[in-house]
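The shown structure was predicted, so the numbers you read here are calculated from the model rather than taken from an experiment.
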Amino acid sequence: MTPFIRDKFQRFAMKGGSGWLTRSLEQVHPYTLEYPGKILDRAVKEAFLQILHDIQENRADPKKYLQMLMMQEQ
């Protein structure tokens, strides 16, 4: 999947190609606003968790978020 992300969404591609960069997401904690994972960029962490919160708790349409992400890269 990394080559696809790198080719289509360069902003979201991992730098250096290491799977270790995603280890902060592999915790036994649920993705709530209080998620303790060590995502280094605080703004990215907050945006990621807020989107999930909006989808899970407020029943926001996830397709709209995906469409927005797709449009941002073009």
Side-chain angles (χ1 to χ4, degrees):
M1 184 161 111
T2 299
F4 174 78
I5 298 294
R6 185 183 61 238
D7 293 343
K8 303 295 182 185
F9 305 99
Q10 293 177 4
R11 282 190 319 197
F12 304 115
M14 292 187 297
K15 308 293 188 253
S18 171
W20 290 103
L21 295 175
T22 61
R23 298 298 295 191
S24 62
L25 298 176
E26 297 177 0
Q27 295 189 12
V28 297
H29 305 285
Y31 294 133
T32 64
L33 295 175
E34 293 80 30
Y35 181 70
K38 294 181 180 177
I39 300 171
L40 297 180
D41 188 326
R42 188 131 182 97
V44 169
K45 179 180 180 179
E46 289 177 10
F48 170 71
L49 295 176
Q50 189 61 51
I51 289 170
L52 291 180
H53 177 79
D54 197 27
I55 292 168
Q56 292 174 347
E57 301 297 325
N58 300 328
R59 301 194 183 275
D61 184 358
K63 288 180 184 179
K64 291 186 180 191
Y65 278 109
L66 286 173
Q67 289 170 340
M68 189 67 146
L69 287 172
M70 299 291 188
M71 290 185 336
Q72 292 294 319
E73 197 58 32
Q74 298 195 21

*Quick one: are Asn58 and His53 in side-chain contact, heavy atoms under 4.5 Å?*
yes
*Leu40 atom CG, neighbour heavy-atom count above 12 within 6.0 Å*: no
*Can you name the nearest heavy-atom pair linking Pro36 to His29, along with the distance?*
CG-CD2, 3.4 Å
*asked:* What's the separation between atom CD in Glu57 and atom OG1 in Thr32, rounded to the nearest 0.5 Å?
replied: 9.0 Å
*Starting at CD of Glu46, measure out to CD1 of Ile51 and round the result to the nearest 0.5 Å.*
12.0 Å
*Are Ile39 and Leu49 joined in one hydrophobic group, where the rule is that I, L, V, M, F, W and Y side chains link up if heavy atoms are under 4.5 Å apart?*
yes
*With a 4.5 Å heavy-atom cut-off, do Asp54 and Tyr65 have their side chains touching?*
yes
*Closest approach of Tyr31 to Gln56 (non-hydrogen atoms, all atoms of both residues)*: O-OE1, 3.8 Å
*Same hydrophobic cluster for Leu52 and Tyr35, using side-chain heavy-atom links shorter than 4.5 Å among ILVMFWY?*
yes
_Could you measure the distance from the CZ atom of Arg42 to the NZ atom of Lys45? Nearest 0.5 Å is fine._
5.5 Å
*Any chance you could measure Met71, atom CE, to Leu66, atom CG, to the nearest 0.5 Å?*
11.5 Å
